[in-house]
Every structure is written in structure tokens, then in C-alpha cells.
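Ligands are counted one by one from 1 in listed order, and the atoms in each one are counted from 1 as well. Just so you know, residue 1 is the first one in the sequence shown, and it goes up from there.
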Amino acid sequence: MPEPKVLPIAARAAGCPFDPAAALYESQKDDALQRVKVPSPLLGEFDAVAITRYEDVKSALSDDRLQMGFVFDPDQPRTMLNQPGNLLNYNGADHSRLRRMLTGAFTIKRVRSLRPMIEAIVEARLDALEEEGHGADLVTVFSTPIPTQVICELLGVPYEDRDDFQRRAKVGLDVNTTREEQIQNLKDMDAYMATLVAGHREQPGDNLLGGVVRDYGAELSDDELVGIGNMLLIAGHETTASMLSASAALLLENPDQATIMRDEPEAVDGAIEELLRYVAPATIMPRQAAEDFCLRDDEVIKQGERVVVSILVANRDAGSGDQDLDVLDVRRPPQPHVTFGYGAHQCLGQQLARMELRVALPALFKRFPGLRLAEPDQKIDYRTTALVFGVNRLPVAW
Ligand code: HEM
């Protein structure tokens, strides 16, 4: 048997960071599922079955025989991959028990009621940009603070604690830190989150975490509430910030598409969906087969095998349709995508993420109609090897 080839599951094409690497398209065309070696900044290199076609991704992620590979183990040190309360660390009934208590806070109706709060945060960030004069780094002044401040509102983090809070969130997702640094950072996050939880236990705040404590506090341990807070911060912060920065970069490189975002309010929802499909910033946690099962009727995945899926290339799979999904077209009729995952673990915060994007991106291009890249000749500093694809710096001028 030849050695399995190495396939980074979210690899982007050299020189074209929004496109999947050629190896991912090749894997998609292959009639048989590929057994590959997957490099991972968190886990090292591991063997897995790679799933790259859109329909296969949906089948795999909706099959409960494919389970999260990291299940919370109270006897192991707390890490990002081992936390009580973190939905990504649970399967089956344990997962449903926790998720059921959180879904009410993320419904379309509930998220709509957050719109004025999100608009106020975005307006304040646009003012902060204006105060910078004629140019600034969009990542620092706009894209990163917006989702952080939204999460701070949802958890009830007081204003004066927000810088520390944001720093810890950043470390939590930084793959260049050591395991010891991660464990220490999580301890700090836990300690801080525990003070918030204690406050909500005493007097539940008028925000998401306060609501969870009010409605389900008796069913949840303090440890679980701390883990829920950490999970919301980590899951909702970097992903949305990256999506904001990468979308802004993409629109600045495609000014005709930016004009539609700015001038056609009725096109905004569809445009955001297209950007989500095209940018696909997040990766999905590896899964493991709890028993043998068949995908595509005849492809057996064996018990114990790990499975990885590529959101990035699955979103470009037109199947039998005639659309060219490698082209960004914000006026395209919305295409189904798996940017928020699929199945039991599908993103809990997706309506909130959509709302943040729908408010922030048109407002940015409206407030600064002359927005442009400040260093047009310089390559944009994309972050292609991290867990979440994004932009390190985005110097803009107006
Ligand atoms: C554009 C922004 C976002 C993207 C691209 C994104 C993407 C994803 C993906 C792909 C998953 C599935 C992971 C898997 O199956 O392994 C996921 C899960 C999750 N996301 Fe998001 N997310 C975003 C924003 C948010 C926000 C704003 C929140 C909340 C504040 C959030 C909370 C969660 C939670 C709690 C889960 C775990 C759900 C579960 O396991 O049941 N996400 N997200």
C-alpha cells in the first residue's frame, strides 16, 4: 500500500487565498473516498478519510455514527478541546441536553431584537475609524472589536474588562502558543468567566448568559456555565472578525461588488450569503466513526476511522448544476453552503453572525464611499495557516 498523501483540508491556492488548493479539487473528482494524512496545528498529523463533495459533507455531518473525536473528560487538563459546557466536546444525548438550553437565545427572532445594539456598536466603530484621519488598519479598528463587543454584551462583560477579555480570546485561538500557555490562558479565562457566572447567579443580567442562568441555572453546574461562556467567546469572536475582514478585502478588490453592497439594500442579505459561501473561514472539528457505515452507498468508513471534511471546496461543488461557483457574484441567487457546518453541531450562532455582517459591511461602505486599499501594490496579509482563515492586517484609506 502506498503511503497516504498529505492533504491539508482547508488549504488555499498559492497566490489566490480565496480559492481551494488544487489537491482539494482533485480529491473531489476522485470516485473513491481518499485516506489521507491531515496536518493540524492543534493535533499534529493524523490519518483520516477526506470528504470534499458537497452532498457527501452533508451526509457525513448528519450521520450520528460520525461523532466528535474529543469528548469532555473531567480527568484530563482543561484545554480548548476539553471543556465542560463546550458543545463541540459532546455527542448524542449529552450534546442535545446542553444545546436545547441555548437554542432559544439564538433564534432569528431573538437575534432581530439585538439589531439596535449591533447597529450602535458598528456606528461607534465607524466613528473610531473616522477619528483615525484618512487611513487605518481595518482589522484592529473595525473587524475585531465588533464581534468582541457583541459577545461582551451577550455575556455581560463590564466595559473596563473588555481589553483583557479580548486578549485572552486571541491567545485561545493562537496556534503558535505552547500547550502550557494554552492551559494557563484557559485558567485565566475560567477564573474571569466564573466571576461573571457568580454575578449572574446572584442577579441574572438582562443578556444572553443572564437569561440562560435564569431559565436553566438549576440544571447547569457553574463549571458548565463557565464553559458555555468560553465557548461562545471562542466560537463567535474570531470567526466573525475574520469574516468581516476577509469580506472587506474581497470587496475592496472587487469594487463593482462593493457598490452593490453599498447602494442596494435589497441585495445585502444575498450578498452576505455569497460572501459566507465564498470565504468559508472556519474548519470543522475532525470526527470519528463510532461504527462501520457506508457513505455514497458503497464507500465503507470503518469504526474508529477519523473523518475530516473540507467546507472550503464543498462550497465550490456545483454538483449537477450549471453555475460556476468559483466566481464571486453577490447578486447570485443564494447557493446552499456549509460554511456554518451541518447536522447536530451546525453553528449555533449563525443568525447572530449573519446579523453582524449585514449591519457592518453595508455601513462601512456607506460611511466611507471612497474606501480603498492603502497599499494597493502590496499583497494583502492573509492568514492562511491558522484554524480560522482571515486577514492579519488590512490597511485602508478614504
Ligand atoms: C461567520 C461567523 C461564523 C462561522 C463561519 C462559524 C462556523 C461554525 C462552524 C463551521 C461550526 C461547526 C463546527 C463543527 O461541526 O465541527 C460552528 C459551531 C458553533 N458555532 Fe459558529 N461560526 C460563526 C459564528 C458564530 C457565532 C457568532 C457564535 C456565537 C456567539 C457561534 C457559536 C457556535 C457554537 C456554540 C458552535 C457549536 C455548536 C454545536 O456543537 O452544537 N458561531 N460554527
Side-chain angles (χ1 to χ4, degrees), residues 9-10 40 42 51 57-58 60-64 66-72 80-81 83 85-92 94-103 105-107 110-111 114 118 143 146-155 157 169 173 207-209 212 227-247 272-273 275-288 306-312 314-315 337-361 387-390:
I9 202 66
S40 156
L42 271 185
I51 302 193
V57 169
K58 285 199 334 185
L61 293 180
S62 50
D63 195 311
D64 57 16
L66 260 197
Q67 304 203 331
M68 281 295 171
F70 301 94
V71 178
F72 173 60
M80 280 302 161
L81 298 175
Q83 278 194 82
N86 181 346
L87 292 173
L88 294 168
N89 284 152
Y90 293 89
N91 289 305
D94 295 334
H95 173 255
S96 318
R97 166 190 166 260
L98 281 171
R99 183 149 172 145
R100 162 182 74 79
M101 297 187 230
L102 301 175
T103 40
F106 287 98
T107 57
R110 202 57 91 71
V111 169
L114 301 176
I118 296 171
S143 322
I146 291 173
T148 315
Q149 288 181 18
V150 170
I151 305 270
C152 286
E153 292 286 339
L154 297 183
L155 300 180
V157 177
L173 276 168
N207 48 46
L208 187 149
L209 193 57
V212 172
I228 287 170
N230 284 342
M231 166 189 71
L232 294 179
L233 167 67
I234 297 295
H237 157 82
E238 187 74 10
T239 43
T240 315
S242 295
M243 193 55 215
L244 277 170
S245 302
S247 302
I272 297 300
E273 231 38 48
L275 287 164
L276 283 163
R277 179 190 74 78
Y278 198 79
V279 176
T283 36
I284 278 185
M285 300 291 289
R287 306 292 207 261
Q288 199 155 18
R306 281 198 172 153
V307 173
V308 289
V309 309
S310 177
I311 298 182
L312 179 63
N315 281 357
H337 62 74
V338 282
T339 292
F340 292 115
Y342 199 78
H345 289 275
Q346 189 172 151
C347 181
L348 182 71
Q350 59 185 285
Q351 301 306 344
L352 177 62
R354 285 190 171 100
M355 180 64 85
E356 290 181 51
L357 294 162
R358 286 171 186 168
V359 171
L361 285 171
L387 283 179
V388 181
F389 166 75

- prompt: So is Gln350 close enough to ligand 1, meaning a heavy atom under 4.0 angstrom away?
  reply: no
query: Taking the non-hydrogen atoms of Arg287, is any one of them nearer than 4.0 angstrom to ligand 1?
result: yes
Protein heavy atom at shortest distance from [atom]:
atom: atom 36 (C) of ligand 1; answer: Leu348 N, 4.0 Å
atom: atom 12 (C) of ligand 1; answer: His345 O, 3.6 Å
atom: atom 10 (C) of ligand 1; answer: Thr339 O, 3.4 Å
atom: atom 8 (C) of ligand 1; answer: Cys347 CB, 3.7 Å
atom: atom 6 (C) of ligand 1; answer: Phe340 CD2, 3.7 Å
atom: atom 26 (C) of ligand 1; answer: Gly236 CA, 3.3 Å
atom: atom 32 (C) of ligand 1; answer: Ala235 CB, 3.5 Å
atom: atom 24 (C) of ligand 1; answer: Thr239 OG1, 3.5 Å

Within the 4.0 Å heavy-atom shell around [X], which atoms of ligand 1 are there?
X: Ala344; value: 41 (O)
X: Ala353; value: 1 (C), 2 (C), 24 (C)
X: Gly341; value: 10 (C)
X: Leu87; value: 38 (C), 39 (C), 40 (O), 41 (O)
X: His95; value: 39 (C), 40 (O), 41 (O)
X: Met68; value: 16 (O)
X: Met231; value: 35 (C)

Is a side-chain N or O of [X] found less than 3.5 angstrom from the main chain of [Y], in a donor-acceptor match?
X: Thr339; Y: Leu276; answer: yes
X: Asn91; Y: Met68; answer: yes
X: Asn315; Y: Arg277; answer: yes
X: Arg358; Y: Glu356; answer: no

field: Test of proximity, Arg99 against ligand 1: N or O pairs below 3.5 Å
entry: yes
query: Within the structure, does Met285 bring an N/O atom to less than 3.5 angstrom of an N/O atom in ligand 1?
result: yes
Side-chain contact, heavy-atom cut-off 4.5 Å: [X] with [Y]?
X: Leu361; Y: Ile272; value: yes
X: Thr107; Y: Gln351; value: no
X: Ile234; Y: Gln83; value: no

Supply the atom-to-atom distance [X] [atom1] to [Y] [atom2], rounded to the nearest 0.5 angstrom.
X: Phe389; Y: Met243; atom1: CZ; atom2: CE; answer: 10.0 Å
X: Leu232; Y: Asn86; atom1: CG; atom2: CG; answer: 9.0 Å
X: Arg110; Y: Thr103; atom1: CZ; atom2: OG1; answer: 10.0 Å

- line: Checking Val57, Leu61, Val338 against Ile311 for side chain to side chain contact (heavy atoms under 4.5 Å, CB included), the one that qualifies is Val338
message: My understanding is that only one of Val308, Ile284, Val309 makes a side chain to side chain contact (heavy atoms under 4.5 Å, CB included) with Ile9; could you say which?
response: Val308
message: side chain to side chain contact (heavy atoms under 4.5 Å, CB included), that's the test. Do Leu102 and Leu87 meet it? Break it down for me.
response: CA-CA 10 Å; Leu102 301 175; Leu87 292 173; 4.2 Å; yes
For ligand 1, the portion of Ala280 having any non-hydrogen atom under 4.0 Å away: neither
message: Please classify the Ile151 to ligand 1 contact at 4.0 Å (heavy-atom distances, strictly less than): side chain, backbone, both or neither.
response: side chain
